[in-house]
Structure formats: structure tokens, C-alpha cells
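Bear in mind that the values here come from a model prediction, so they are computed numbers and not experimental data.
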Amino acid sequence: MSITSIAGLLVKRIPIIALILYTFLKWRYILAVFFGCFSGYIVIRNIVLLLIDRRPIPYRSTLILVFNDAIEYFRSFADFFCVDLSYVRFFGDLIGYFRTCPSTTVEIEDLNNGVKVYVYKPSVLKDKSCLLYIHGGGWYFLSAFAYNPAMSWMAHYLQMVVVSVEYKLAPEHPFPEPLLDCYSALQWVYNHAADLDIDEDKIFIAGDSAGGNLSTALCLLHQDRKGAPIGEDELTRPPLKGQVLIYPALQLYEIDGGSKFYNSNFFPDSNTVRTLFSWYILGDDTLGKIGLGKSEFDKVPRFWETAGNVLVDKPLPSFRRLERYTGDGISSLSNSYIFPLHDTDLKGFIPTLIITATADTLRDDGYFMEQYLKMFKVPVKLLEFEDVHGFFSDVTGSTNAIKAVEAMEKWIREN
């Protein structure tokens with residue numbers, strides 16, 4: 001075909017091309033106006049809630065509330081319209097491009113099983129301790145890359161090696177895959193202790209939100225297997241030194257009362273917690289839809305009932321299974337690897353630091369965990385900050401986040 005004929009064909013198609021461009025631009029503007037109005041609504045909504053609530057929340061935390069609120073709306077839309085969650089996760093990964101600590105180096109290691117670890121080494125090391133960090137995000141959102149700025153600054157403040165786990169996400173990869181990914185990352189840390197210049201007996205575990213749940217489950221799994229890799233029972237490891245739980249999600253029986261009620265205007269709400277637990281356990285929202293008023297939920301032992309058995313030295317039913325759940329997932333409610341506060345024997349558990357936020361629906365989970373560990377005579381310390389869920393990740397500028405990391409550093413040195 002000659003150039004002349006191609007030009008003639010294009011000229012004939014100009015009206016059609018113009019119509020397509022006009023339609024595209026028109027819809028683009030409509031979408032821009034829609035998302036602009038929607039964003040404005042989210043901002044105004046959170047500002048009004050804070051004014052009504054009258055809590056001394058730092059102004060930077062208002063931005064965290066807006067971000068969390070927006071992401072939750074987008075997640076709901078994506079779930080309703082069956083849109084791939086990668087579009088939602090894209091916005092979370094943008095956080096990874098924020099400013100990192102210039103004096104901290106980072107290396108990415110591939111474990112050859114779909115798991116990656118980010119290794120952060122500050123310019124100054126106080127000792128040979130190591131912190132294995134498990135990021136939050138409701139088991140489905142955020143990533144080790146999104147936590148890259150926070151982890152680089154945390155390594156700087158803690159003056160220790162920090163290893164962040166890139167575990168596979170739900171609902172595509174439900175329990176026990178994320179937990180086993182974290183366990184393989186812990187094994188990698190043990191195997192490369194000499195390369196990392198750390199001591200095997202000075203490894204701490206930490207995690208926020210869903211990462212706090214995985215952190216506790218990881219410590220339980222390590223304790224049960226004495227650190228042995230899956231399938232290699234003969235090889236044992238030193239016990240973990242301690243763990244840090246940051247506004248962890250640990251139970252599902254107290255879902256509408258306590259902090260879930262008086263912090264109901266803040267992220268995450270009860271329905272979100274229920275849905276994300278279900279995504280993590282089953283890979284769908286079945287557990288979130290069956291209703292928490294069902295008799296099966298009433299059969300799940302509360303931690304205070306378990307503690308009553310401890311007082312009379314009665315053996316506890318230790319139900320811990322690394323299995324994929326199907327059906328309605330009711331049997332998962334007694335699995336301590338999923339719900340550490342439902343029915344768990346914590347005798348001999350490792351020292352724990354718990355950090356909570358006052359304006360957070362998960363606040364009581366941290367409080368319950370503190371009381372439970374005390375009943376088992378486990379060394380535990382609780383720190384509470386006047387802030388919102390997610391504040392800890394803002395180590396680059398949040399005063400409370402920096403204070404929390406400094407408290408972590410002091411607690412780690414004391415243990």
C-alpha cells in the first residue's frame with residue numbers, strides 16, 4: 001500500500017478517530033471529576049470525625065486516616081466489581097518511593113520460593129542483634145517494598161540489622177502460605193547469620209497489624225518446632241529473643257464491643273476486620289458473611305477462660321495446624337496459628353513488647369494480649385500512643401512513630 005493511499009485512508013477515518021478521542025477525553029474528565037469529589041469527601045469525612053471525636057491526634061495522622069479510608073473504599077469497589085487487587089496494591093507500593101535513610105544500605109535476597117527479604121544495614125551497629133519484620137496490610141495489601149522507607153529509618157534508629165519479609169498475599173495465597181513464607185525467611189536469617197554478622201541467639205520478631213498476627217504465629221511455630229525447618233525435625237535452633245507487636249489483629253470473638261465499638265469511626269471497622277480474616281483463612285469472604293452471632297462462635301474459648309484453667313494447672317488443648325481451610329472455616333477459630341487469643345497455651349512464651357494506638361479498633365487486641373501473657377507469667381510491656389492505626393509506618397516524620405521506635409530500641413537492649 002502506497003503512502004498516498006494510507007494518507008487517504010487516514011483522512012477518511014478522521015471523524016471516527018476524532019469521535020473516539022473525544023469520547024475518551026470526555027470519560028477521562030468525568031472520571032477525574034468523580035475521583036476528585038470522592039477524595040474530597042474522604043478528606044472532609046475524616047476531618048469532621050476528628051473534630052467530633054475531640055482526640056489529640058497528630059495532624060500527620062489525619063493523612064494516614066485519609067489514605068487508609070481511601071484504600072478501604074477502593075478495596076470494597078474492587079471486590080464488588082471483581083477488579084484485580086493489583087490495582088489497589090499499586091497505590092500502596094507508591095509509599096516505597098518515599099525518602100529512605102541515606103546512611104542505611106539495603107539488599108534484596110530471593111529465597112527461590114516466591115519469597116524475598118529486604119536486608120537493611122545501618123552505618124552504625126550497636127551489637128549483633130537482628131530484627132525480622134513482618135509488614136501489615138490486612139494480609140492482602142502493602143509489601144516489603146512499601147515499607148522500604150520505614151525499615152531503612154528503623155534500622156538507623158535501632159542501630160541493628162533489620163530483615164523485612166515479602167510474603168505472599170491473600171486472598172490468592174491464604175493460610176498457611178503467608179505464615180510458612182515468614183518461617184522460611186526466619187530460617188534464611190539463621191542460615192545466613194554469619195553473612196549478616198549477627199548472633200543466632202539475638203533474633204527478635206516484629207510486625208504491625210496483620211504482621212503482628214503473623215509475628216505471634218511465627219513465634220508459636222518456632223517454639224513448637226524448636227526452630228526446626230519444615231520437614232527437618234532433627235535440626236533445632238536457639239529460642240527467639242523476643243517479639244514486638246504493633247496494634248496486632250489477634251482475635252475475632254470481640255468484634256462489635258470494646259474498642260471495635262468506641263473506635264468504630266476509625267480504620268479498620270469491624271466488617272473490614274471480619275472480611276480480611278476470612279480472605280486470609282479461606283481465600284474468600286465466606287467467614288465474614290456467616291454472622292458472628294452463630295453458636296459456633298460462642299464455643300470458642302476466650303482468653304480469660306483459658307487463663308482460668310492455667311490457675312488450676314489444667315492442661316490446655318493446643319490446637320495448632322498448618323492446613324488450608326475449606327468450607328465455612330469454623331474449625332479455624334480454635335487454631336492458635338490464626339487466632340492466638342482464642343485458645344492458646346503460652347507457657348514459656350518469649351518476652352513481648354506491645355504497642356497500641358488509642359484511636360484504633362484493634363486497640364483491645366493488644367490490651368487482651370498483655371493481660372493474657374501476664375497470666376502465663378510471660379514478661380510483657382504495653383505502650384499506648386495517642387494516635388491512629390498505621391502511625392508506626394510513618395517513621396520518617398511522625399513524632400509518635402519515632403518515640404515508639406526509640407522505646408523499641410530501649411526494650412530490645414534490656415532483653
Working to the nearest 0.5 Å, report the span between [atom1] of [X] and [atom2] of [Y].
{"X": "L322", "Y": "R225", "atom1": "CG", "atom2": "CZ", "value": "8.0 Å"}
{"X": "D364", "Y": "L250", "atom1": "CG", "atom2": "CG", "value": "11.5 Å"}
{"X": "E200", "Y": "R237", "atom1": "CD", "atom2": "CZ", "value": "6.0 Å"}
{"X": "D224", "Y": "C219", "atom1": "CG", "atom2": "SG", "value": "11.0 Å"}
{"X": "I350", "Y": "Q223", "atom1": "CD1", "atom2": "CD", "value": "8.0 Å"}
{"X": "Q251", "Y": "D365", "atom1": "CD", "atom2": "CG", "value": "4.5 Å"}

Is [X] salt-bridged to [Y], going by a charged N under 4.0 Å from an acidic O?
{"X": "R363", "Y": "E384", "result": "yes"}
{"X": "D201", "Y": "K241", "result": "no"}
{"X": "K403", "Y": "E406", "result": "no"}

Quiz prompt | Contacts of type side chain to side chain donor-acceptor pair (under 3.5 Å), residue Y325, not counting sequence neighbours | solution = N335

Exercise. Not counting sequence neighbours, which residues clear side chain to side chain donor-acceptor pair (under 3.5 Å) with N415? List them please.
Key: none

Exercise. Starting from the C-alpha separation in whole Å, work towards a yes-or-no answer on side-chain contact (heavy atoms from CB on, under 4.5 Å) for D387 and Y247.
Key: CA-CA 11 Å; D387 222 309; Y247 32 79; over 6 Å; no

Considering only heavy atoms from C-beta outward, does the side chain of [X] approach that of [Y] to under 4.5 Å?
{"X": "L362", "Y": "V273", "value": "yes"}
{"X": "H156", "Y": "V395", "value": "no"}
{"X": "L218", "Y": "L132", "value": "yes"}
{"X": "K121", "Y": "D197", "value": "no"}
{"X": "L346", "Y": "M369", "value": "yes"}
{"X": "F204", "Y": "W411", "value": "yes"}
{"X": "D127", "Y": "R413", "value": "yes"}
{"X": "T104", "Y": "M154", "value": "no"}

Quiz prompt | Chi angles and distances behind the side-chain contact (heavy atoms from CB on, under 4.5 Å) call for V388, N68 | solution = CA-CA 10 Å; V388 301; N68 287 339; 5.7 Å; no

Does [X] reach the main-chain N or O of [Y] with its side chain, forming a donor-acceptor pair under 3.5 Å?
{"X": "N213", "Y": "A249", "result": "yes"}
{"X": "D199", "Y": "K128", "result": "no"}
{"X": "T361", "Y": "P268", "result": "yes"}
{"X": "S143", "Y": "A146", "result": "yes"}
{"X": "S184", "Y": "D181", "result": "yes"}
{"X": "D208", "Y": "G211", "result": "no"}
{"X": "Q159", "Y": "K126", "result": "no"}
{"X": "S152", "Y": "C101", "result": "yes"}
{"X": "R274", "Y": "S278", "result": "no"}
{"X": "T352", "Y": "V380", "result": "no"}

Could you pull out the closest heavy-atom pair between [X] and [Y], with the gap in Å?
{"X": "V165", "Y": "C182", "result": "CG1-CA, 4.3 Å"}
{"X": "N113", "Y": "K168", "result": "O-NZ, 3.3 Å"}
{"X": "Y140", "Y": "R89", "result": "O-NE, 2.6 Å"}
{"X": "G283", "Y": "P174", "result": "N-CB, 3.8 Å"}
{"X": "Y157", "Y": "I402", "result": "OH-CD1, 3.8 Å"}
{"X": "S215", "Y": "L245", "result": "OG-CD2, 3.9 Å"}

Practice problem: Test T356 against Y367 for side-chain contact (heavy atoms from CB on, under 4.5 Å), laying out the working first. | Solution: CA-CA 8 Å; T356 61; Y367 171 75; over 6 Å; no

Self-check item: Derivation of the ring pair (Phe, Tyr, Trp, His ring centres under 6.0 Å) call for H135 and Y167
Solution: CA-CA 9 Å; H135 71 79; Y167 58 87; 4.4 Å; yes

Self-check item: side chain to side chain donor-acceptor pair (under 3.5 Å) between N400 and E386, intermediate numbers included
Solution: CA-CA 8 Å; N400 281 339; E386 291 279 357; over 6 Å; no

Quiz item: Under the side-chain hydrogen bond (donor to acceptor under 3.5 Å, both in side chains) rule, what pairs show up with a residue in residues 373-383, not counting sequence neighbours?
Solution: E370-K374

Over 60° means perpendicular and under 30° means parallel, so tell me whether [X] and [Y] are parallel, tilted or perpendicular.
{"X": "F392", "Y": "Y133", "value": "parallel"}
{"X": "F145", "Y": "Y97", "value": "perpendicular"}
{"X": "Y118", "Y": "Y120", "value": "parallel"}
{"X": "Y280", "Y": "W139", "value": "parallel"}
{"X": "W188", "Y": "H192", "value": "parallel"}

Practice problem: Give the intermediate values and the outcome of side chain to side chain donor-acceptor pair (under 3.5 Å) for residues H389 and S209. | Solution: CA-CA 8 Å; H389 188 91; S209 193; 3.1 Å; yes

Self-check item: Chi angles and distances behind the ring pair (Phe, Tyr, Trp, His ring centres under 6.0 Å) call for F385, F391
Solution: CA-CA 9 Å; F385 291 86; F391 83 92; 5.6 Å; yes

Quiz item: Should T396 and D394 be marked as a side-chain contact (heavy atoms from CB on, under 4.5 Å) after you check the CA-CA gap, both sets of side-chain angles, and the distance that decides it?
Solution: CA-CA 5 Å; T396 57; D394 188 19; 3.3 Å; yes

Practice problem: May I ask you to check whether over 12 heavy atoms, not counting those of F91, lie within 6.0 Å of atom CZ? | Solution: no

